[in-house]
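Letters A, B, ... are given to chains in the order of the sequence lines, protein chains preceding strands, and every chain is numbered from 1. Being a predicted model, the structure only gives us computed values, none of them experimental.
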Amino acid sequence: MADKPKLAVWKFASCDGCQLSLLDCEDELLTVADHITIANFPEASRAVLDGPYDLSLVEGSITTAHDRDRIQEVRRQSKFLVTIGACATAGGIQALRNFTDVQAFMDIVYASPEYISTLDTSAPISAHVKVDFELRGCPINKHQLLEVINAFLNKRNPNVSPNSVCIECKKRGTACIMVTQGTPCMGPVTQAGCGAICPAYNRGCYGCYGPMESPNTSSLANAMQDLGVTEAELQRMFRAYNAEEPAFRQEGDCHGEESQ
Amino acid sequence: MSDSQDGTRTIKVDYLARVEGEGAMYIKIRNNALEDVKLKIFEPPRFFEALLRGRDFREAPDITSRICGICPVAYQMSAIHAMEDLCGVRVQGALRELRRLFYCGEWISSHTLHIYMLHAPDFLGYPSAVEMAKDHPEAVERGLALKKIGNDIMNLVSGREIHPVNAKVGGFYRAPARSELSALREKLLHARELALQTVEWTGTLDFPEFQQDYTFVALRHGNEYPMNEGRIVSNRGLDIPVSAYDEHFEEQHVDYTNALHCVMKPEGSSYHVGPMARYALNFDQLPSDIQGAAKAAGLGSVCTNPFQSISVRAVEVLYAVDEALRIIETYAPPEESSIIVEPKAGTGYAATEAPRGLLFHRYTIDDDGIIKDANIVPPTSQNQKMIEDDLRSFVSTCLDKTDDEIQYLSEQAIRNYDPCISCATHFLKLEIDRE
């Protein structure tokens, strides 16, 4: 098949974990490669085919002037652009820099800042170019990634639920740990997709998939305060892996030591 | 790019493939002599040490796991051990065994990824494992099956293979039942066959003749092949507790790279961390049948040809599979899934053996458990200068080859180290922070 769709995988500021998810599809990888030409995926191959590309998967956030220009070129070469993971969809954990005075931040950590170029913020890809679909998660779920690729190949919309993690706990048969054990849990305001792993491991969800479709964050924050969660802790819970998602940013801004 | 008028040849790779992260290579040859070699890392920094400040000490394992999607377990383990060191807690018994099992999963998965998908294509002449699979399906399928079993261990112990969720300061959120671990046994017995075949298979590859007199640095525990604990030792007589790391190693800022070069004090010399260092310094800790498999694959008790690191990784995969089997067969669940760790002001240190080598963490926290300072030194920062030294020696032996051949072999020489550039970058400046 000479006209298989061409896939490109691009990396910006990130940990490589979301693109690794594709290589972690041990049972499906060779089948995927039968249906799609891996045209540009440096982590997996030294062969690079020229664009344009039918499907681009973009990992990572925009943190440098060079990357700000590079994403424009990626967009130009991509018919369909999907961002994968919290760095690409929300700026990632490195967006915590956005909450500080960046100059002070730089002064703390750099002896020779002239060697390094960096922007003031870590921004999601959608802040710079049009994105056709965002796949959430830190990291993404590899089965959801396969679903997105499959949907693209079959010209349909990906079946990715906008519901909360609570729905996945119910499906999995996990008793609510917030109700039964008094464990603070971000599940009610966090998008499903991970499979509700944390509560199944006796731990509160920590929000790595970002806000669900219609999150009632203030109500959850009140319930957490009833469980003894402090203002500073509440702020840290909302300011983590998806700190720049508007619903989490807004709730995080309402808490903190200064508001005690 | 053939010889220019003035006899200068420049070989550049602007974006290194089949490594984790964004790096470039630059080689300059003048009048048939090597003039300059640079491994450039242009991956943007993410300021982890800065963003850890002000976070709760219990958050460090999850936050630092985001430094690397390939070896998140290593970050979680080093962070957890450093916090326990700081708070004066030692985790023993079944919880210690579970941590070791968890780490075995990452070694199996990460090493197998490198052996079959990143490194082997160099030896067999393919751009990728997917291309290689067309002619060598049995090898690639073996690699994928083995890698999957590593991921299965991480999934079971800790929920998922990338940024797992179950490990915490003091132990785990939930300890698996004995029956859950037993379910892995059949898979691991199969993995043992695959791992043994992998050792044998890597022994059949053609290795360039290239021996180096390395300074190897790794943990040494004394009763086991090192993963989570031990003293930092070298083959030149170094033998120090982890807390003395800063007295013996330092990071130097170099203008062309976004990662610091780590060197050994006082000479500022390069050193080698990773599978070859662990193997050389802990060969006596391997069971005799694994020593035998290593020898059958052409390895001595010390390996000094970095191209043979693919065989050393295979030996470590075999060991990790055996160790996982041992732990599963003797596992008795702990009474509690974790012990309580109360914060106290101070500084704590830990080093564990990430798949790519020694991973050092140091944290200072206050009485409320809030992080005041963090320093993390990943293996690829430590190997970066060593990689350049290797390139310098190696390229000098093949100046008669074409530029394309030199480029191909040089890329292979870099991949000998399984460099994780995502890791290396994120630490750029911490040393400087302290000065």
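- Qualifying salt bridge (charged side-chain N to carboxylate O under 4.0 Å, His left out) partners for B:Glu411, counting only residues two or more places apart in sequence or in other chains: A:Arg46, B:Arg415.
- Contact annotation: the side chain of B:Phe47 never approaches that of A:Leu96 to less than 4.5 Å [non-hydrogen atoms, C-beta and beyond].
- Atoms CG and SG, on A:Leu20 and B:Cys71 in that order, are 10.5 Å from each other to the nearest 0.5 Å.
- Per-residue counts of heavy-atom pairs under 4.5 Å with chain A were compared for B:Ser158, B:Pro127, B:Ala133; the largest is that of B:Pro127.
- Note: B:Ile162 CD1 to A:Ile140 CD1 = 7.5 Å, rounded to the nearest 0.5 Å.
- B:Phe102 is linked by a ring-ring contact (aromatic ring centres under 6.0 Å, His included) to nothing, counting only residues two or more places apart in sequence or in another chain.
- In terms of heavy atoms, A:Glu233 sits closest to B:Arg58 at OE2-NH2, 4.1 Å.
- To the nearest 0.5 Å, atom CG of residue A:Leu29 and atom NZ of residue B:Lys148 are 12.5 Å apart.
- For the pair B:Arg160 (side chain) and A:Ile197 (backbone), a donor-acceptor distance under 3.5 Å is absent.
- Heavy atoms closer than 4.5 Å to chain A are found nowhere in B:Glu131, neither backbone nor side chain.
- Annotation: maximal heavy-atom pairing with chain B below 4.5 Å, among A:Ile93, A:Asp24, A:Leu23, occurs at A:Asp24.
- Using a 4.5 Å cut-off between heavy atoms, A:Phe41 makes no contact with chain B at all.
- Using a 4.5 Å cut-off between heavy atoms, A:Phe99 makes no contact with chain B at all.
- Heavy atoms only, all atoms of each residue included: B:Tyr173 and A:Asn202 are closest at O-CB, 3.6 Å.
- Under the side-chain contact (heavy atoms from CB on, under 4.5 Å) criterion, B:Ser65 pairs with B:Pro72, B:Gln76, B:His163, not counting sequence neighbours.
- Using a 4.5 Å cut-off between heavy atoms, A:Ala44 touches chain B through its backbone atoms (N, CA, C, O) alone.
- The number of heavy atoms from other shown groups lying within 6.0 Å of CD (A:Gln72) is above 12.
- Remark: B:Glu59 engages A:Arg236 in a salt bridge, criterion side-chain N to carboxylate O under 4.0 Å.
- For a residue to count as touching a neighbouring chain, one of its non-hydrogen atoms must lie under 4.5 Å from one of that chain's; by this rule B:Ile63 touches chain A with backbone and side chain alike.
- For chain A, the option among B:Gly54, B:Gly143, B:Gly159, B:Pro137 with the highest count of heavy-atom pairs below 4.5 Å is B:Gly159.
- Within the 4.5 Å cutoff, the side chain of B:Ile70 has heavy atoms near those of the A:Glu43 side chain.
- Of the listed residues (A:Gly17, A:Pro139, A:Ser122), the greatest number of heavy-atom pairs within a distance under 4.5 Å of chain B belongs to A:Pro139.
- Atom CG of A:Asp50 has 12 or fewer heavy atoms from other residues, nucleotides or ligands within 6.0 Å.
- Atoms OG and CZ, on B:Ser337 and A:Arg203 in that order, are 12.0 Å from each other to the nearest 0.5 Å.
- Summarising the geometry of A:Glu26 relative to B:Leu144, their closest heavy-atom pair is CG-O, 3.3 Å, with the distance given to 0.1 Å.
- What you find for B:Glu22 and A:Phe12 is that their closest heavy atoms are OE1-O, 4.5 Å.
- With a 4.5 angstrom heavy-atom cutoff, B:Asp368 does not touch chain A via any of its atoms.
- For B:Asp56, the parts sitting under 4.5 Å from any heavy atom of chain A are the backbone and the side chain alike.
- Rounding to the nearest 0.5 Å gives a distance of 4.5 Å between CD of A:Gln94 and CZ of B:Arg46.
- Here A:Cys208 is the residue among A:Ala86, A:Cys18, A:Cys208, A:Ala33 with the most heavy-atom pairs under 4.5 Å with chain B.
- Minimum interatomic distance between A:Tyr201 and B:Val157 (heavy atoms only, all atoms of both residues): CE2-O, 3.7 Å.
- Residues of residues 112-126 of chain B that come within less than 4.5 angstrom of chain A, heavy atom to heavy atom, are B:Leu113, B:Met117, B:Leu118 in numerical order.
- The residue among A:Cys25, A:Cys138, A:Ser21, A:Gly60 with the most heavy atom pairs within less than 4.5 Å of chain B is A:Cys138.
- Nearest heavy atoms, B:Arg174 versus A:Ala200: CD-O, 3.4 Å.
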